[in-house]
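Naming: A, B, ... by sequence-line order, numbering from 1 per chain.
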Amino acid sequence: MDFTPHTEADVTRMLAAVGLDTPEDLFAHLPAGVTPTADLGLPAGMAELDVMRHIDALASRNAAELCCFAGGGIYDHFLPPVVRALTLRPEFVTSYTPYQSEVAQGVLQALFEYQSMVAAITGLPVANASLYDGPTSGLEAVNIAVAHTARSTVWVSRGVHPHTRAIIATFARARGLEVVEHPLVDGRTHWEHAPDPAAVLFSQPNHLGVIEDYEAAVSTAHGRGGLAIAAVDPMLLGVLRRPGDAGCDIAFAEGQPLGNPMSFGGPALGVFAVTRDLLRRLPGRIVGSTVDRDGRRSYTLTLRTREQDIRREKASSNICTNQTLNAVAAAVHLAWLGPEGLRETGRQSIQRAHHLADEVTGIPGVALANRAPFAREFAVTLPADPGHIVAAMAERGFLAGIPLGDFYAGLPTGLLIAVTEKRSRDELAAYAANLREVLADA
Amino acid sequence: MDFTPHTEADVTRMLAAVGLDTPEDLFAHLPAGVTPTADLGLPAGMAELDVMRHIDALASRNAAELCCFAGGGIYDHFLPPVVRALTLRPEFVTSYTPYQSEVAQGVLQALFEYQSMVAAITGLPVANASLYDGPTSGLEAVNIAVAHTARSTVWVSRGVHPHTRAIIATFARARGLEVVEHPLVDGRTHWEHAPDPAAVLFSQPNHLGVIEDYEAAVSTAHGRGGLAIAAVDPMLLGVLRRPGDAGCDIAFAEGQPLGNPMSFGGPALGVFAVTRDLLRRLPGRIVGSTVDRDGRRSYTLTLRTREQDIRREKASSNICTNQTLNAVAAAVHLAWLGPEGLRETGRQSIQRAHHLADEVTGIPGVALANRAPFAREFAVTLPADPGHIVAAMAERGFLAGIPLGDFYAGLPTGLLIAVTEKRSRDELAAYAANLREVLADA
Amino acid sequence: MPEPAGRASSAPLVGGSAEPTLRELSAPGRRAWSLPDLDVPERPLDLPELSAEPVPLPEVAERDLVAHFTRLAHRNFAVDLGAYPLGSCTMKYNPKVCDWAAEHPGFRDLHPQTPAEFSQGSLAVMLEAEEILCALTGMTRATFQPAAGAAGELTGLLLMRAYHEARGRHPTTVLIPDTAHGTNPASVTLSGYTVRHVASDDRGMVDLEQLRAATDDDVAGLMLTNPNTLGVFEHDIVEMARLIHDVDGLVYYDGANLNAILGVARPGDMGFDIVHSNLHKTFATPHGGGGPGAGPVAVVDRLVEFLPGPMPTRTDSGLAWVMPERSIGRVHGNHGNFLVVLRALTYMLALGGPGLRRVAERSVLNARYLAAMLGDDFRPGYPGPCMHEFVVSVAALKRRTGVRAMDVAKALLDRGFHAPTVYFPLVVEEALMIEPTETESPETMEALAAALNEIAAAAVTDPLVVQTAPHHTPVSRPDEALAARHPVLTWDMPAFDHRDAP
Amino acid sequence: MPEPAGRASSAPLVGGSAEPTLRELSAPGRRAWSLPDLDVPERPLDLPELSAEPVPLPEVAERDLVAHFTRLAHRNFAVDLGAYPLGSCTMKYNPKVCDWAAEHPGFRDLHPQTPAEFSQGSLAVMLEAEEILCALTGMTRATFQPAAGAAGELTGLLLMRAYHEARGRHPTTVLIPDTAHGTNPASVTLSGYTVRHVASDDRGMVDLEQLRAATDDDVAGLMLTNPNTLGVFEHDIVEMARLIHDVDGLVYYDGANLNAILGVARPGDMGFDIVHSNLHKTFATPHGGGGPGAGPVAVVDRLVEFLPGPMPTRTDSGLAWVMPERSIGRVHGNHGNFLVVLRALTYMLALGGPGLRRVAERSVLNARYLAAMLGDDFRPGYPGPCMHEFVVSVAALKRRTGVRAMDVAKALLDRGFHAPTVYFPLVVEEALMIEPTETESPETMEALAAALNEIAAAAVTDPLVVQTAPHHTPVSRPDEALAARHPVLTWDMPAFDHRDAP
Ligand SMILES: Cc1ncc(COP(=O)(O)O)c(C=O)c1O
Ligand SMILES: Cc1ncc(COP(=O)(O)O)c(C=O)c1O
């Protein structure tokens, strides 16, 4: 295929107009040695139909049809066709970052509405227009706290997603930050003694699905002069207390469940909200409402003096391209849900999770990994290797969950099981029945 | 689900504004007896997710994934994603017939372009903006001829699609027309003696895939003062002579292969073009280019005095809603193809069809049904019941073709096999190999 | 600053230039297409009737193709952009879940000649939709072959003829009220019958006495829309049906206005024998800029044997295609506009009985509410309560200001709404036929009423501005007379040259 | 009458009103959502931290949701509507076949924690894309974790640090030319390094002498875009790389401009050690209004062991996730923006080697052709031939007429084109940075040149009109100073009240 419109005649005419003979002449000024003469080993081009056949063949090597009980930030919620249809409008998809506001009011207003709705669900007054994903948002939150408090120690609950912790660790090494991890005791964070932190970072619910004690985390942070940072599950914010109401300074989330398919974990969406105090430290794009020359309401990127293109090495973060389209999807989905839809999604996910928990703990050898209250995700211990069980369950059509052993030494046979409102009673029953059989065979 | 935006409070407020108490009051003026009191036996409403599950379950009872060798007007050509993406733009999909030209220039220009491209591929100067499908277009063509010649006999080749002949028969009975069918002799129409016709209707290629003799048909028609009407295969018009160039007065086609999925045969597309002489007899909508008040080029529905809303019982046809969106799809697809793409599609379909014909006629007991030249579809006779063979082939992943016995008494074991540019060599080989096995088992 | 909900605001974006045609965008050798190479051995084919020349299609790159049609789309008003109160057309919102269904590969990619054994899903779709349609209309069975309302009418008239012929009768006349849609008389002629007109009375209903007078043994049947195109429910319908049945005629229901009575009243209970419905109106399938639609025809018991076929039928070995015993034959090349039926079924299932009834209630409520808010310049076409649509006359306004119904319609375009239907039905002078549909909110009704009242006021203060509307659309009023006098129907026809003007 | 190809013509449609916010469209109790009823026995759950109040989200019907976002879409310029010559951003056409791939359920509906055994297709996608990327850049392996270019930069800098630390070295400085994109210095700081600037010379290239002077043992590396943001190919690149390597530094390639040299020249052959590329630029994945993108980082042999992980790897038992030996760890929560990678692979496969090279050739040809057609008011930022983009200065025009680069940009919006990048790079006064990309036709180049020249002429005859442009967009220039001084970032924040103005 070829997506350039140029015909041979066009090329000849244009080359002549710029005083050249052949396409190679366009690169004649390049220094010797940088233009390889050898074949680069690239494939030949393909016709569109052949490309599609190839992609089809690759897709057939995935088991995307598995009935999904895996979570860990990425959830199989019901994604209504209307949300996809609106999000995938080419005017949103094929535009750039809205630098020219006059011809970008569409995406600017959508982002303003996204920010407004993120504020509504987090209970914090200010949100940005998106970050890359949940885990990298955790790093951005830590960066704010470090800058804001001028401290270099960060407390992180072991209930925070292991990938978030891994990312923080990657950068902490480079930046010379000290990360103190606080253990889970019977599923909930036990805040131990350590040097005063820039931030106390925890997850609500935590990675084992357990509902943490907001008050304990927030007072621990504030009592020591640090910021309280909560990772939250956006689909539970219609049911659980909002981090802003609980006194958190920063809340972030993996926003995929809001309007985005699971897509192997990316594009995802970093949802990010802060208190008014932290506004000028906020990373990423922010859209503001203003008026145009004629006094009409209009929208524009604002507070740009935080950003890299203006502040360069002094910028609050280096983010340029973010996840705008995913944020637009989240805006459409949140408006589709409304207060009642969000509450019902959370309520059903929790009810169904508890139903499944009862079913699976009725299987010999399967037990809850802790006695703490959980929401829509829970950890069990199995009487067999979770990796093998997940593989065996996949053969039967289920993605059974996420083995926990790699991340929690205390849970070598742990399996994390997630439930959404989409999992019907029949699916829950089938899951339990198959798990019983698979374990019996194991 | 509910697609009305009204809340209970809205309903109360609005009822009050019109002086009513309950929704039932809106119908209080209806006469007694027409408002049934018994339950209508309608299902309860469903949540969106449940609707989708239901539709999924129904879809799973179709074998839409069969590798398709059936044709008969509906063909499995390559439909590039760009054609679907543009055709399915909601501005085209959710608008009405363009009565208000000022806010319908998009669809009007698209239809003008469609008409222009239909003229280009048929070689006739004037086309309408679509009819329902190929077969009903045949009826409209006959209607024109009957009105134009004031005769009531119509000659129809038995090479015309049996469904087209069936539709003509349905209406001929009501209108008192006499339809004379002319036989196929070794695959091609043999024009016999009969009363002078209003029209001579034939198919190029015919329903057995055979290339007819244009000159024979056209001179037969014109020699007897009738119109020459050709049913054509749009995907072959880059390779075969255009009906206009061959002297036909009317050409029509099943336009599905132009931009439309097979969709169980509908929505389809009636492509329809005529000579300049027949312009004022053309059925259906026509778009014309004109100028607006400010002299700018603009488009509008035109020659409306042929139409039912103006002429009522004197209209040239009763068509109101047509197949606009399918015509827009055809326009996009024709522009995607261009002259070379159309030619290549036809060329490859023909080459691949002949390759397959060689392969299958190498199977013992399988023979071509006639010795006439064919294009991309051909009839074979099988050594077994074609219905059983089609079923057996379907079990192996192939839609093997269309049994001909119901329509051609002389071909009780006939099977009509269609090939498009999309059928790869591997698929052709697999078809032949499976057919061989299936016949060996039969 | 912001406008009330529902007012479309597809404001100017960028660039005021006209869109070139594909032909003008074309350059020799440019291309969008790609196909795999021929992978079977190429052979010289000795075929007759080969063409020498390539066909003169435009040649464009995929990029330009996309920009062209995207820009064209931006020049089109649509339901997805705003309110579309086009009377008689039921321009309701088309749910996206139905789009999803229509794109389902399990349906979309199925060849119509797939044997029934391998297309049970599609047959089931048709049967499920048929059952709901019959429950709503009070009929026994329905065919989905007709591709639109007009095709349904023709089919219904052929059924009428088959019925009479089966009884050895040959009546020649079909009664049509003067409020009828143009397709009704046109279909009558096409089916070989003759139209006999019946006038309306001052209630906006068929005049029962006139109907009685017009009804004789030569009457094959009566075609009727109810509520009729004035938005008025025919109060004497049961009596009217009895009159026709008394001469062994059949009563045909033009279902274009079924939306108003969905789940509330059934044509079957009113005495109708044949009912077409427009899935693209009542059942929320989109109009596609003028189609595809679907015009299924449902009938009472005694007409089932005449239905077109084959029909999907439950048998012991699953669903099968069966030809009705005395079928009139085929009226579509395949099974009708199948994907439209699939969309309609999706909609019916989503709403269910209660939801379908809510459609009727709220479509009527919206119409009443809107009518109540319009000022005196919009005189009701007829007394009595309207159903889901209503007709007003601006004849008085025209006498006072010179502003006509068409001008009001055009001025509404400038205000972010589609126009109502104008000059129809023919029995009302300077008619505006307004059908808000149930999917519009009360706020939209209020904005629409405000816009119409504003236009009426402007007609008085500044009639010229209204008469030259619209002012904010991509083009102003196209010269329709020129278009008809000098038809330019393809880009090969010479455009009108102003120097030729008289 | 019609305009030349390529000029967007998204002309005014209907309704000039502002679009209400979702909050303004909201009415209590209205809803779009529907969910199946809970079909497991409901139980009282004794959970802590439950909320009492519903969250204050808007409440809208599906119909209003659709109209709202459709109208918003109509207020957005996009590549699908017309030319978008935004320098440094490579706003090329995004093929629809890639959209098709990204919507493939086999990829779209896959959970990231699906074991490798059951997600071989996705791992294969990453490996195939990686191989092509490495072939094009002359690198050994690449990670797809970074979600955008800036994330790639940060990753590259962490790799730099890991490399030095593995050799027991702790240099603290990274060299950045003054033409660099803002993300480069910002990333340097975030990675814990210190920026040292290097000036350009009058060829618009890094000044080799300055670079030599700035290079010492404390230098961890150099970040460079080539062609640089002036569209100029750094002629001394091999020598520059040698200078850095001589102090054991690493040379980082910011691949934002890779489009210009695709298949023509490879960063690896120029001496670069680390290469990020922006799939959302070079490989035609759409920008989504600001993302998602993907910024894969490819490296030479000796850096492979430090790459983030896990990485898809071929093993005897199929494709598996393997953590590089001395990996810096994880830089993304999952596997990066996977669907963006899938789109890029689709594009790469469609084009193949010859097609990819054609991209470079024609992007450069378009830029040269366009540059040649611009009048004297657009002074080239630097001498010498440009690559796929070029920078012109309107400083002289500004002195003569008062019309600034921003005004020219805004006036271009009125003419149906998106604006170029303005005021970047910082080293050129009143800069317009123009990147046509290879997917635009010569006719579009001609229309664009005509529009720019027209604006320059208008600046002389009627500067005020240009200075107050745009005039035909949904809004005129928003007050950005007010927005920053009085931030209104959500609909809960009070809008600026004009009575409060000083
Ligand atoms: C009352 C009435 N009858 C019949 C029709 C014809 O339906 P269709 O356009 O589907 O052929 C219409 C369409 O506008 C109508 O309004
Ligand atoms: C030269 C250059 N480098 C880096 C970047 C940053 O890339 P991204 O926006 O993907 O983070 C850009 C983006 O505009 C760029 O132009």
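Not a single donor-acceptor pair under 3.5 Å links the side chain of H287(C) to the backbone N or O of Y96(B).
Residue L35(C) touches chain B through its side chain alone, counting heavy-atom pairs closer than 4.5 Å. When heavy atoms are compared at a cutoff of 4.5 Å, A110(B) approaches chain C by way of both its backbone and its side chain. With a 4.5 Å cut-off on non-hydrogen atoms, V82(B) touches chain C through its side chain but not through its backbone. Heavy atoms closer than 4.5 Å to chain B are found in both the backbone and the side chain of V264(C). Neither the backbone nor the side chain of A129(B) has a heavy atom closer than 4.5 Å to any heavy atom of chain C. With a 4.5 angstrom heavy-atom cutoff, L342(B) touches chain C only via side-chain atoms. In this structure, chain B has a heavy atom under 4.5 Å from the side chain of A409(C), while its backbone stays farther away. Within the 4.5 angstrom heavy-atom criterion, no atom of H161(B) approaches chain C. For L399(B), the part lying under 4.5 angstrom from a heavy atom of chain C is the side chain only. Interface remark: K92(C) contributes no atoms to any contact with chain B (heavy atom separation under 4.5 Å). The contact between T468(C) and chain B is made by backbone and side chain atoms together, counting heavy-atom distances below 4.5 Å. Using a 4.5 Å cut-off between heavy atoms, Y84(C) contacts chain B through its side chain alone, with no backbone atom that close. Both the backbone and the side chain of M270(C) have a heavy atom closer than 4.5 Å to some heavy atom of chain B. With a 4.5 Å cut-off on non-hydrogen atoms, I286(B) touches chain C through its side chain but not through its backbone. Only the side chain of T302(B) comes within contact range of chain C, with heavy atoms under 4.5 Å apart. When heavy atoms are compared at a cutoff of 4.5 Å, R347(B) approaches chain C solely by way of its side chain, counted from C-beta outward. Only the side chain of E421(B) has a heavy atom closer than 4.5 Å to any heavy atom of chain C. For chain C, the nearby part of V18(B) is the side chain; its heavy atoms alone come within less than 4.5 Å. Neither the backbone nor the side chain of I310(B) comes within less than 4.5 Å of any heavy atom in chain C. Residue D56(B) touches chain C through both its backbone and its side chain, counting heavy-atom pairs closer than 4.5 Å. For a residue to count as touching a neighbouring chain, one of its non-hydrogen atoms must lie under 4.5 Å from one of that chain's; by this rule L334(B) touches chain C with backbone and side chain alike.
Between F233(C) and H29(B), the angle of the ring planes goes over 60°, which puts this pair in the perpendicular group of the 30/60° scheme.
You'll find the side chain of I55(B) reaches within 4.5 Å of the side chain of W100(C), heavy atoms only. Residues S441(C) and D10(B) fail the side-chain proximity criterion, which asks for heavy atoms closer than 4.5 Å. Between L190(C) and N143(B), some side-chain heavy-atom pair lies under the 4.5 Å cut-off. P478(C) has its side chain within reach of E102(B): a pair of non-hydrogen atoms, C-beta onward, lies under 4.5 Å apart. Considering only heavy atoms from C-beta on, E113(B) comes within 4.5 Å of W491(C) through its side chain.
If you tally non-hydrogen atom pairs under 4.5 Å between each of H332(C), H280(C), E153(C), H68(C) and chain B, the highest count goes to H332(C). Counting heavy-atom pairs under 4.5 Å between each of N337(C), N334(C), D80(C), L22(C) and chain B puts N337(C) at the top.
Side-chain atoms of T94(B) and N94(C) form no donor-acceptor pair, as typed in the model, at a separation below 3.5 Å. Neither side chain, D479(C) nor T290(B), offers a donor N or O lying under 3.5 Å from an acceptor on the other. Side-chain atoms of R358(C) and T4(B) form no donor-acceptor pair, as typed in the model, at a separation below 3.5 Å.
By the side chain to side chain contact (heavy atoms under 4.5 Å, CB included) test, A375(B) is found to be paired with P205(B), I211(B), L236(B), I350(B), residues two or more places apart in sequence or in another chain being considered.
Rounded to the nearest 0.5 Å, atoms OG1 (T473(C)) and CD (Q100(B)) are 10.0 Å apart. With values rounded to the nearest 0.5 angstrom, F107(C) atom CZ is found 12.0 Å from S263(B) atom OG.
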Would you please test R89(B) and T70(C) for side-chain contact (heavy atoms from CB on, under 4.5 Å) and show each step? CA-CA 8 Å; R89(B) 290 215 35 126; T70(C) 306; 3.5 Å; yes
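With ring centers used as reference points, F264(B) lies under 6.0 Å from H335(C).
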